[in-house]
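Count residues from 1 along the sequence.
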Amino acid sequence: VSTQSTGSPFPALRMLSSFRRACSTVVVQQRAIATNGIVELRQYECHPKDFGAFLALTNEKIHLRTAHSPLLGYFNVEFGAINGVVHLWHYESLAHRAAVRAALATDKEWNASYMDKVKPMWARQQTWLLTATEDLASVPNKAQADNLPPYYEIEEISPGDNSSIDKPSCAVVVGRFNPISGPQEHCVVPRWTLTRYPKPDDVLLTSRGTNNSTTTLMTPLPFSPMQ
C-alpha cells in the first residue's frame, strides 16, 4: 500500500476524521431521485499540496452550489484516484442542467469566493452523464456517532459480464446506472453500481469471483447528503 508523507496508509481517512468532527452539524437535505432524471458524476483530482485547502473551502461554500441544483453525494476517494473527490448531481433533464450551468456562470459570489480559488488546485477533471435504472435507495444523511465513516463503492462492470458478486447483507446497493456519455476505456461502455458499506472492513466481505470490474472506494464528506 502506498503512503504519503504522513506515514499512514490512510492519510485522507485520518484527516477527514477530524474534518468530520469539526463539520458534523453541516447537513444538506437529501433528495429522492426517480428514474426520469439524469445524474452527472464528476471526479476532480487535486494537487496533493492543495487537497486539504480544497476540502475546507468546499465545505464552507458548498451551499452556494446546492442553491442551484440538488447534490446527491460528495465523497473523498480512499482507493483510486487519491487526492480527489467524486460528486453526483441530479438534473431533471439536459435542458435543466444547461440552465443551472448558465446560472452558475453568472453567480458572482460563487465564482469569486469559490471557483476562482479552487481552479488552480485541480490537476484533472472528468465527468460522466448517467441514467439511473431504478430509484435510489435510502441511506443515512447524518454522520455516524463513532466518527468512523462508511465506505461507498463505485463499480464499473464490463458489458456481458454476468458473473456474480456476492456482497454481505449489510451492504446497500444505492443505485444502478447506465452511462450516456463520458470517458470510457477501449470504447467499452460499462454498467455502474453505487454500494454503501456501513464500515470500511465490510468491503472485505464481498466475494467478486471472476467478475471483470473496476472499483473506487470512497468516504462521504461531512456535507454529503449520503452518509
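- Annotation: side chain of T193 is in contact with side chain of V173 (closest heavy-atom distance under 4.5 Å).
- Within the structure, every pair that satisfies the salt bridge (charged side-chain N to carboxylate O under 4.0 Å, His left out) test and touches residues 170-181, not counting sequence neighbours, is listed here: E134-R176.
- With rounding to the nearest 0.5 angstrom, the OG1 atom of T215 is 6.5 Å from the CD atom of E155.
- Side chains of C170 and K199 form no contact here, defined as non-hydrogen atoms less than 4.5 Å apart.
- The shortest heavy-atom contact between K167 and E153 is NZ-OE1, 3.6 Å.
- Screening residues 82-98 for salt bridge (charged side-chain N to carboxylate O under 4.0 Å, His left out), with sequence neighbours left out, gives E40-R97.
- Within the 4.5 Å cutoff, side-chain heavy atoms of Y152 are placed close to those of V139.
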Report task. Would you sort out whether E109 and N111 count as a side-chain hydrogen bond (donor to acceptor under 3.5 Å, both in side chains), showing the intermediate values? Result -> CA-CA 6 Å; E109 184 179 6; N111 286 286; over 6 Å; no

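- Legend: salt bridge (charged side-chain N to carboxylate O under 4.0 Å, His left out) pairs involving residues 45-70, not counting sequence neighbours, sorted by first then second residue: E45-R124.
- The closest side-chain donor-acceptor pair between T58 and Y114 falls under 3.5 angstrom.
- When every heavy atom of Q227 is checked against every heavy atom of P150, the shortest pair comes out as C-CG, 3.7 Å.
- Between V86 and Y44, the closest side-chain pair of non-hydrogen atoms is not below 4.5 Å.
- We find the NE2-OG1 distance between H68 and T66 to be 9.0 Å, quoted to the nearest 0.5 Å.
- Scanning both residues, M218 and T216, for their nearest heavy atoms gives CG-CG2, 3.9 Å.
- Atom-to-atom distance recorded for T219:OG1 and F79:CZ is 10.0 Å, nearest 0.5 angstrom.
- In this structure, P149 and P220 approach most closely via the heavy-atom pair CB-CD, 4.4 Å.
- Side chains of L94 and L129 form a contact here, defined as non-hydrogen atoms less than 4.5 Å apart.
- Applying the side-chain contact (heavy atoms from CB on, under 4.5 Å) criterion to K119, with sequence neighbours excluded, gives M115, W122.
- In terms of the side chain to side chain donor-acceptor pair (under 3.5 Å) criterion, H47 has no residue partners (sequence neighbours excluded).
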Requested in this report: Any chance you could lay out the side chain to side chain contact (heavy atoms under 4.5 Å, CB included) test for N76 and F51, step after step, and finish with the verdict?
Outcome: CA-CA 10 Å; N76 166 70; F51 191 45; 3.1 Å; yes

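- The two residues L64 and S113 come nearest to each other via the heavy atoms CD1-OG, 3.5 Å.
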Requested in this report: Determine, step by step, whether I154 and T214 satisfy the side chain to side chain contact (heavy atoms under 4.5 Å, CB included) criterion, reporting the C-alpha distance in whole Å, the side-chain angles of both residues, the deciding distance to 0.1 Å, and the verdict.
Outcome: CA-CA 8 Å; I154 289 183; T214 301; over 6 Å; no

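- Residues L104 and W110 form a side-chain contact, since some pair of their non-hydrogen atoms from C-beta on lies under 4.5 Å apart.
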Query raised in the report: Could you go step by step and tell me if L55 and V85 meet the side chain to side chain contact (heavy atoms under 4.5 Å, CB included) rule?
Result: CA-CA 9 Å; L55 292 178; V85 294; 4.0 Å; yes

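- Pairing each heavy atom of T195 with each of A171, the nearest pair is CG2-CB, 4.0 Å.
- Note that CG of L221 is 9.0 Å distant from CD1 of I62, once rounded to the nearest 0.5 Å.
- Listed by chain and residue number, H87, F223 satisfy the ring-ring contact (aromatic ring centres under 6.0 Å, His included) test with Y74 (two or more places apart in sequence, or in another chain).
- Between W128 and F177, the closest side-chain pair of non-hydrogen atoms is not below 4.5 Å.
- A 4.5 Å side-chain heavy-atom check between I180 and L130 finds every atom pair outside the cut-off.
- A distance of 6.0 Å separates CG of L88 from CG of L72, quoted to the nearest 0.5 Å.
- In the model, Y197 has a side-chain atom that pairs as donor or acceptor with a side-chain atom of T206 under 3.5 Å.
- Rounding to the nearest 0.5 Å places CG of L71 at 14.0 Å from NE2 of H63.
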Query raised in the report: Could you walk me through whether I38 and H90 pass the side chain to side chain contact (heavy atoms under 4.5 Å, CB included) check?
Result: CA-CA 6 Å; I38 58 175; H90 178 252; over 6 Å; no

